[in-house]
Number of protein chains: 2
Amino acid sequence: MPATIRDVAKASGVHISTVSRTFSAPHLVNVETRTRVQACAEQLGYRPNRAARALITGRTFNIGLIVADIANPFFPPLVKAAESQARRHDHHIFVADTNEDAVVEEDLVRALAKQVDGVLLCSPRMSNSLIEQLSREVPLVIVNRQVGGLPAVVMDVAYGARRAVEHLAGLGHRRLALVSGPRGSWTSREIRRAATAAARTARCELSIVGPNLPTEEGGLSVAEQIAHGPATAVLAYNDLMAIGLMEGLHAAGVRTPEDISVVGIDDITLSRLTRPKLTTVAMPTATAGRAAVDMLLAYGDDRRTTAHVNLQTELVVRDSTAAPNPRRPAEPGDAAGTV
Amino acid sequence: MPATIRDVAKASGVHISTVSRTFSAPHLVNVETRTRVQACAEQLGYRPNRAARALITGRTFNIGLIVADIANPFFPPLVKAAESQARRHDHHIFVADTNEDAVVEEDLVRALAKQVDGVLLCSPRMSNSLIEQLSREVPLVIVNRQVGGLPAVVMDVAYGARRAVEHLAGLGHRRLALVSGPRGSWTSREIRRAATAAARTARCELSIVGPNLPTEEGGLSVAEQIAHGPATAVLAYNDLMAIGLMEGLHAAGVRTPEDISVVGIDDITLSRLTRPKLTTVAMPTATAGRAAVDMLLAYGDDRRTTAHVNLQTELVVRDSTAAPNPRRPAEPGDAAGTV
DNA sequence: ATGAAAGCGCTAACAT
DNA sequence: ATGTTAGCGCTTTCAT
């Protein structure tokens with residue numbers, strides 16, 4: 001039986017409303033009384049029931065965090081940063097995993113809506129219109145996607161993708177492949193758009209392979225196709241796919257970077273630990289998590305001013321990229337498997 | 001303004017208690033009425049407010065999940081499985097990260113206590129007595145540690161550690177090192193105990209190096225010491241440390257497994273992707289996450305019967321272990337850096 | 001500065 | 001089968 005506000009009131013000989021004020025508006029209560037009430041509360045182990053409080057104030061001090069796949073190493077740093085930032089502001093975080101499923105996503109937002117002050121929607125797969133509708137039911141901050149004028153934290157992956165293409169072109173590659181991500185991914189579209197434009201500028205061919213699952217398996221599954229295709233360098237939707245791809249290429253007897261260069265995106269911890277170490281585009285996921293929480297908490301105050309944050313990305317050159325191998329020239333007749 | 005039970009009552013022309021019953025005890029209400037109420041509710045987008053419901057029923061349909069470090073790749077599969085299992089039973093999950101800090105842990109349990117039906121405490125760093133005390137304030141299921149008779153889900157890491165030592169001894173190693181984990185870790189003590197016993201049985205020396213941070217850096221930081229020590233094989237507290245260690249050894253010009261064999265624990269995804277691929281002890285983290293949720297939800301029903309689950313672990317032999325290198329014999333005078 | 005009273009959204013006896 | 005009533009733990013007018 002945890003202590004309630006009534007127990008504290010009884011113990012300190014005041015009315016419950018005085019106890020209430022002691023916690024939610026201390027300046028309104030006499031110092032002596034306050035001290036006594038606090039002492040009693042402490043001694044009884046009293047903690048205000050937030051759910052009860054929320055019922056009347058409308059503020060839950062909870063935040064919902066919805067991610068596509070928490071087992072994808074891209075997300076944990078974001079979740080960690082968001083949780084830590086939320087707690088700094090005395091908020092708790094509901095975490096839910098949609099398994100990349102748009103329907104689950106919608107249901108989750110609605111299910112959480114009543115017990116949170118807002119929801120952080122990370123890399124959502126829903127349609128824009130649905131997201132806009134949901135944002136009318138509960139404050140939403142979108143991470144990694146731009147939806148109308150909704151508050152959003154995006155990482156400038158387009159810039160990173162462009163830098164990656166420029167890097168490859170600079171090394172002398174002329175035939176590139178883009179291993180794209182899952183259907184419905186805003187990030188994947190951004191990458192594609194930016195890579196296409198950059199390739200055109202650099203006078204490179206760019207073939208698109210996909211869509212694919214954003215996992216190691218997704219990368220592995222296109223390895224054969226890449227190995228037999230004309231591309232001498234590949235940009236993958238994320239590091240996991242890049243790593244799976246390298247595995248698959250290795251198995252097929254194709255060396256990285258000697259035969260084919262590979263670039264990932266995300267800069268997950270893992271990317272520094274593969275051999276060769278992966279060249280990739282660093283995404284500031286922790287910063288994004290913090291920023292998203294801040295934006296949500298500022299929702300009431302000054303909604304407009306911080307409605308949009310665009311975070312820098314950066315190309316990190318490691319060992320999975322090199323100049324094309326002159327002894328592995330294009331085989332004119334061999335376009336098997338390319339799209 | 002989300003619809004309340006009163007709006008639905010008004011719209012369907014019944015009393016609010018009938019609406020309430022329609023959702024919490026449908027069999028008690030006339031089929032026609034029920035259908036009508038449901039239709040109205042649907043149309044108004046009504047969803048029962050769980051917090052309000054919890055206030056009176058005492059059941060929140062929420063679960064707290066407290067982990068030491070969600071960015072440690074050991075945890076995400078556990079969190080994912082727990083979340084998914086919880087949702088299958090219509091529960092939501094609060095996730096909190098303690099950063100391996102016992103004080104934060106305690107505070108978090110207390111802070112969450114009121115808004116959850118129970119807390120999953122993963123690899124806690126608190127003292128046994130404190131944990132037992134907390135378990136009187138809120139239902140607790142401990143993962144990865146045994147505390148008195150409290151409900152627990154543990155993975156049999158002792159078995160795995162023994163198998164690892166046997167594996168190394170079987171390859172011909174006689175001087176082993178154990179790179180231990182953080183102070184206060186039950187798992188680390190288990191590993192130490194089991195490895196020590198197994199080493200004795202196999203007539204191997206076993207030196208203990210640590211405690212260390214359970215991270216890649218932790219492993220890296222002991223690489224020099226290991227490189228110059230007499231051990232020809234190392235068991236690390238977890239894969240992350242094993243990988244960091246291999247990095248460090250590599251940098252020091254020591255090859256794995258030719259010069260020194262390395263075994264990790266956890267079998268994180270990453271361990272299949274390093275080069276050499278890591279020999280490790282597989283931990284059934286997803287199963288543990290599911291089991292912990294099930295145990296918590298069964299808390300009321302049959303507390304005793306399922307109060308303890310012990311999950312199997314398994315040695316996975318990959319490429320980071322091999323027979324000792326005969327050309328790198330013990331250097332009698334060179335024990336520098338060993339403990 | 002403190003108390004009294006109403007009520008947040010909902011459920012659970014108890015009536016009818 | 002449905003309505004009435006009380007109240008979960010708390011905050012917030014409004015009095016005093």
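Here is the naming used below: chain letters follow the sequence lines, and residue numbers restart at 1 for every chain.
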Is any side-chain N of the basic residue among B:Arg125 and B:Glu105 closer than 4.0 Å to the acidic one's carboxylate O?
no

List the steps and the verdict of side chain to side chain contact (heavy atoms under 4.5 Å, CB included) for B:Asn144 and B:Val157.
CA-CA 9 Å; B:Asn144 254 346; B:Val157 69; over 6 Å; no

Verify the neighbour count for atom CZ of A:Arg59: are there more than 12 heavy atoms of other residues, nucleotides or ligands below 6.0 Å?
yes

Side chain to side chain contact (heavy atoms under 4.5 Å, CB included) partners of B:Ala39, counting only residues at least two apart:
none

Assess the residue pair B:Arg145 and B:Asn128 against the criterion (side chain to side chain contact (heavy atoms under 4.5 Å, CB included)); give the C-alpha distance rounded to whole Å, side-chain angles, the decisive distance to 0.1 Å, and a yes or no.
CA-CA 10 Å; B:Arg145 175 160 164 187; B:Asn128 275 11; 2.8 Å; yes

Please tabulate, one pair per line, all N/O donor-acceptor pairs under 3.5 Å involving side-chain atoms of residues 286-294 of chain A, not counting sequence neighbours.
residue  : atom : partner : partner atom : Å
A:Asp294 : OD1  : A:Gln85 : NE2          : 2.7
A:Asp294 : OD2  : A:Gln85 : NE2          : 3.4

Base, sugar-phosphate or nothing for A:Val14? Non-hydrogen atoms, less than 4.0 Å.
sugar-phosphate

Base, sugar-phosphate or nothing for B:Thr18? Non-hydrogen atoms, less than 4.0 Å.
sugar-phosphate

Sorted by chain and residue number, the side chain to side chain donor-acceptor pair (under 3.5 Å) partners of A:Thr60 (sequence neighbours excluded) come out as A:Asp117

Relative to the 5' end of DNA chain D, which residue comes earlier, B:Arg21 or A:Pro2, by the nucleotide with the nearest heavy atom?
B:Arg21

Should A:Glu132 and A:Arg136 count as an ion pair when the cut-off is N to O under 4.0 Å?
no

Flag, side chain of A:Asp101 to backbone of A:Thr98, donor-acceptor distance under 3.5 Å
no

Which is the 5'-most and which the 3'-most nucleotide of DNA chain C that has an atom under 4.0 Å from a heavy atom of chain B?
C:dG9 to C:dA13

Residues that B:Arg21 engages under side chain to side chain contact (heavy atoms under 4.5 Å, CB included), provided they are two or more places apart
B:Ser17, B:Thr18, B:Leu28

Is there a donor-acceptor pair closer than 3.5 Å between any side-chain N or O of A:Gln146 and the backbone N or O of A:Ala152?
no

Applying salt bridge (charged side-chain N to carboxylate O under 4.0 Å, His left out), name anything that partners B:Arg34, two or more places apart in sequence or on another chain.
none

For B:Gln43, is the CD atom crowded, meaning more than 12 foreign heavy atoms sit under 6.0 Å from it?
no

Please list residues of residues 3-12 of chain A whose heavy atoms come under 4.0 Å from any atom in DNA chain D, ordered by number; otherwise none.
A:Thr4, A:Ile5, A:Arg6

Please say whether more than 12 non-hydrogen atoms of neighbouring residues, nucleotides or ligands are located less than 6.0 Å from NZ in B:Lys10.
no

Going 5' to 3' along DNA chain D, which nucleotides are the first and last within contact of chain B (any atom under 4.0 Å from a heavy atom)?
D:dA1 to D:dG9

Sequence-distant partners of A:Lys80, salt bridge (charged side-chain N to carboxylate O under 4.0 Å, His left out), two or more places apart
B:Asp69, B:Asp97

Going by heavy atoms closer than 4.0 Å, what residues in residues 33-48 of chain A are next to DNA chain D?
A:Tyr46, A:Arg47, A:Pro48

Considering the terminal five base pairs at each end of the helix from C:dA1-D:dT16 to C:dT16-D:dA1, what angle separates the two local helix axes, rounded to 10°?
40°

Which ones in residues 52-61 of chain B lie close to DNA chain C, meaning a heavy atom under 4.0 Å from one of its atoms?
B:Ala52, B:Arg53, B:Leu55, B:Ile56, B:Thr57

